[in-house]
Amino acid sequence: MVYIPPGDVETNTPPIAPPEAESESEEDEDDVDEEKEERSEDQTDHWGGMEAANYDVENSAGVVKGSAIILGSKPLLQKDEELSDAVQDFQVRVRLMEGRSLYGENVSPVCKITLAGRTRQSRVCRHQRDPNFNESFFFNFHESPANLLQEPLSFTVFDSRRWRKDALIGSFKIDLLTIYQQPDHTLLSKWMLLTDPDDVAASSRGFLKASLVVLGNGDSAPVEKPDDKLAEKENIEENLLRPAVTKMIPANLCVRIYHAKDLPETDRGSLLNIQNSLPDGYVLVHFSGKKVETKQMKDQVNPHWNQELRIDYKFPTLSKEVKIEIYDEDSMRFDELIATTFLRCQEISFPGQKGFLPSFGPCYLNLYGPPLDGRTNVSSSMEDEMEKGKAEGVAYRGRLMVELKTEISQSKGKPGVSDIRRKALDRMKDLRATRNFRVFVALLEATLIEEGGGDVKFEVSMGHYGNNDPGWEKFAIFSSTSPTKLVPSEGEEENLYHVPWDGMCPVLTFSCAWEDIVHRIQTHNALINLHRVLVGIGIDLI
């Protein structure tokens with residue numbers, strides 16, 4: 001700025017900046033920086049002891065302006081309407097919930113939220129690729145809609161343990177007008193696709209879940225109530241926000257369900273089904289908010305479905321697991337859950353160019369459910385979660401032969417159920433061959449037992465082998481000890497009990513038959529022994 005005296009107004013010569021304008025500009029920039037620091041409430045950026053990298057937030061190609069994609073919903077409103085220049089009060093609320101499948105290994109993520117020069121920073125979640133932030137942030141403004149609603153709201157996730165050059169995990173940006181034109185000016189519980197700001201069209205860098213609210217004069221804040229049932233039925237693809245330039249590749253998850261073994265009898269306490277207690281089983285597979293089920297097999301404890309279930313989804317997906325449930329169909333009551341098992345995506349896939357898509361088997365999955373006879377001591381709340389399929393059980397319920405693979409398809413796949421071809425079934429015959437084994441278990445000591453005053457008996461089992469269920473008694477001849485009286489302990493453990501074996505430890509044994517996977521175990525054991533030898537001679541393996 002320069003001062004022009006009144007006498008010089010009529011002159012046509014343009015004003016010339018004084019030579020010290022450069023230094024004054026630098027001072028002004030310092031004042032602006034100080035003002036921004038005050039507006040950010042003295043929040044500092046700490047990324048592994050150094051300042052965060054100054055990534056270009058305003059000029060990045062990843063700003064989701066009007067072209068934000070909400071999969072499965074109606075197109076966003078047009079933005080050709082003129083916005084008011086009248087100054088009014090606004091409040092922007094951001095509830096940062098969680099992250100999922102963040103890029104990198106052993107990361108300690110922290111999220112930096114930037115809006116109109118103001119910055120908020122979340123807490124650091126130590127060593128978590130799926131962090132749970134659960135924090136709320138507020139931005140208050142006294143601006144006109146024409147100025148404020150054009151501002152981008154940016155989310156930048158860093159690894160707090162790394163140096164500045166490689167601290168960035170991913171970022172996502174959306175302008176306030178996109179949020180303001182939604183119903184109630186809100187986007188509730190939406191997943192955001194994180195990308196590399198230097199290459200937005202590249203692969204995913206993870207996901208963030210947040211609720212975004214823009215409140216103007218007279219607006220009331222929405223009430224967001226958690227709903228477990230809604231979360232279970234949530235279609236992830238319909239709640240995903242992503243830049244328009246980011247490609248979502250169509251894919252099919254193919255789950256082959258071959259057969260099950262040793263399913264438990266059900267309806268044993270039902271007056272409607274006294275004579276027949278065999279299960280009418282079917283398999284239900286959940287993935288990416290969708291589910292597909294097999295046909296029903298009546299009155300079989302060893303059913304053979306031999307069906308392929310296909311679920312179409314967009315890759316990359318933020319689903320963490322494939323959930324497999326087995327139900328017993330009941331026409332008179334609700335279908336009874338027999339067992340639940342999970343295949344974690346991080347265990348059956350690996351991200352990156354050198355990684356692989358979700359794949360598994362063919363292999364048996366052990367099935368577990370809530371205890372049938374009440375002998376297992378679990379809390380009522382935990383048992384309720386097992387019965388609803390929210391958690392894996394503790395009681396053995398049989399085994400399921402499963403094969404899983406992922407197919408990338410440029411055309412839309414055909415989800416549904418189909419029978420497995422004969423050639424694939426013939427290949428499974430070699431995997432069904434079993435081998436007899438003998439298991440020996442030596443009980444060395446039993447101490448710190450809280451309850452006393454009676455006799456105790458120890459049992460050991462593996463699957464159905466070793467227990468006294470009907471049809472399995474011949475395998476459980478030597479799988480339990482004789483009743484033994486407990487003896488009170490002395491000293492500091494006077495309120496506890498122990499078993500006085502006194503060096504004569506019992507050995508329990510039972511016979512069993514399993515598939516022969518010795519070739520896999522031998523290779524695994526050879527690698528472990530090689531590692532021990534190399535570490536023993538002072539060679540560290542990374």
Side-chain angles (χ1 to χ4, degrees), residues 1-2 25 28-41 43 54-70 73-96 111-121 136-156 171-190 192-195 197 200 208 210-224 240-246:
M1 297 177 60
V2 295
S25 176
D28 291 342
E29 290 178 1
D30 294 337
D31 294 338
V32 172
D33 292 338
E34 293 178 1
E35 183 181 354
K36 287 183 178 180
E37 292 177 0
E38 293 176 358
R39 288 192 299 179
S40 62
E41 299 179 358
Q43 295 193 22
N54 186 18
Y55 295 98
D56 191 354
V57 175
E58 304 296 335
N59 299 324
S60 174
V63 178
V64 185
K65 279 188 87 74
S67 59
I69 296 178
I70 307 177
S73 65
K74 297 179 180 179
L76 296 178
L77 301 177
Q78 300 294 327
K79 297 191 176 182
D80 53 359
E81 302 176 1
E82 294 185 0
L83 299 175
S84 173
D85 292 329
V87 178
Q88 57 178 303
D89 292 327
F90 284 95
Q91 185 179 76
V92 179
R93 300 184 180 184
V94 178
R95 183 189 171 203
L96 187 62
C111 184
K112 181 179 178 182
I113 305 173
T114 304
L115 175 61
R118 306 184 187 185
T119 300
R120 303 291 186 268
Q121 179 179 309
S136 297
F137 305 92
F138 300 88
F139 298 84
N140 296 318
F141 298 94
H142 187 67
E143 283 282 356
S144 65
N147 292 334
L148 180 63
L149 297 183
Q150 299 294 340
E151 292 287 343
L153 175 64
S154 68
F155 296 82
T156 311
S171 65
F172 176 85
K173 298 170 215 148
I174 183 171
D175 62 303
L176 292 184
L177 185 56
T178 299
I179 306 172
Y180 195 74
Q181 288 184 326
Q182 299 301 308
D184 299 327
H185 315 315
T186 61
L187 288 173
L188 297 180
S189 301
K190 296 294 183 182
M192 300 175 290
L193 178 66
L194 299 177
T195 57
V200 182
L208 277 181
S211 291
L212 313 176
V213 182
V214 180
L215 300 177
N217 290 336
D219 294 337
S220 58
V223 179
E224 188 176 5
L240 180 61
L241 293 170
R242 65 178 177 88
V245 296
T246 305

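- A cation-pi arrangement, defined by a distance under 6.0 Å to the six-membered ring centre and an angle within 45 degrees of its axis, is absent between Arg120 and Phe138.
- Two residues are said to be in side-chain contact when any heavy atoms from C-beta on lie closer than 4.5 Å; His185 and Val213 fail this criterion.
- A donor-acceptor pair is defined here as one N or O able to donate and one able to accept, closer than 3.5 Å; no such pair exists between the side chain of Ser144 and the backbone of Ala86.
- Considering only heavy atoms from C-beta on, Leu96 comes within 4.5 Å of Phe137 through its side chain.
- A side chain to side chain contact (heavy atoms under 4.5 Å, CB included) with Leu212 is found for one member of Leu176, Val92, Val94 and no other, namely Val94.
- Every residue two or more places apart in sequence or in another chain that forms a side-chain contact (heavy atoms from CB on, under 4.5 Å) with Asn140 is listed here: Gln91.
- Residues Thr178 and Leu241 fail the side-chain proximity criterion, which asks for heavy atoms closer than 4.5 Å.
- Geometrically, Arg93 does not engage Phe139 in a cation-pi contact, judged by NZ or CZ lying under 6.0 Å from the ring centre and within 45° of the ring axis.
- Under the rule for a side-chain contact (heavy atoms from CB on, under 4.5 Å), the partners of Asn217 that lie at least two apart in sequence or sit in another chain are Gln88, Asp89.
- A heavy-atom distance below 4.5 Å is found between the side chains of Leu208 and Cys111.
- Note that NZ of Lys190 and CD1 of Ile174 are 10.5 Å apart. Values are rounded to the nearest 0.5 Å.
- Considering all non-hydrogen atoms of both residues, Glu151 and Ala116 come closest at OE1-CA, 3.9 Å.
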Q: Dump the intermediate steps for side-chain contact (heavy atoms from CB on, under 4.5 Å) on Phe155 and Lys173, then the final yes or no.
A: CA-CA 6 Å; Phe155 296 82; Lys173 298 170 215 148; over 6 Å; no

Q.
Assess the residue pair Phe141 and Leu115 against the criterion (side-chain contact (heavy atoms from CB on, under 4.5 Å)); give the C-alpha distance rounded to whole Å, side-chain angles, the decisive distance to 0.1 Å, and a yes or no.
A. CA-CA 10 Å; Phe141 298 94; Leu115 175 61; 3.6 Å; yes

Q.
Set out, in order, the CA-CA distance, both residues' side-chain angles and the distance that settles side-chain contact (heavy atoms from CB on, under 4.5 Å) for Leu149 and Val214, then state yes or no.
A. CA-CA 9 Å; Leu149 297 183; Val214 180; 4.3 Å; yes

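- Two residues are said to be in side-chain contact when any heavy atoms from C-beta on lie closer than 4.5 Å; Phe90 and Pro145 meet this criterion.
- How far OG1 of Thr156 is from CG of Leu194: 9.0 Å, rounded to the nearest 0.5 Å.
- Annotation: side chain of Ile179 is in contact with side chain of Leu153 (closest heavy-atom distance under 4.5 Å).
- In this structure the side chain of Leu215 never reaches within 4.5 angstrom of the side chain of Tyr180, judged on heavy atoms.
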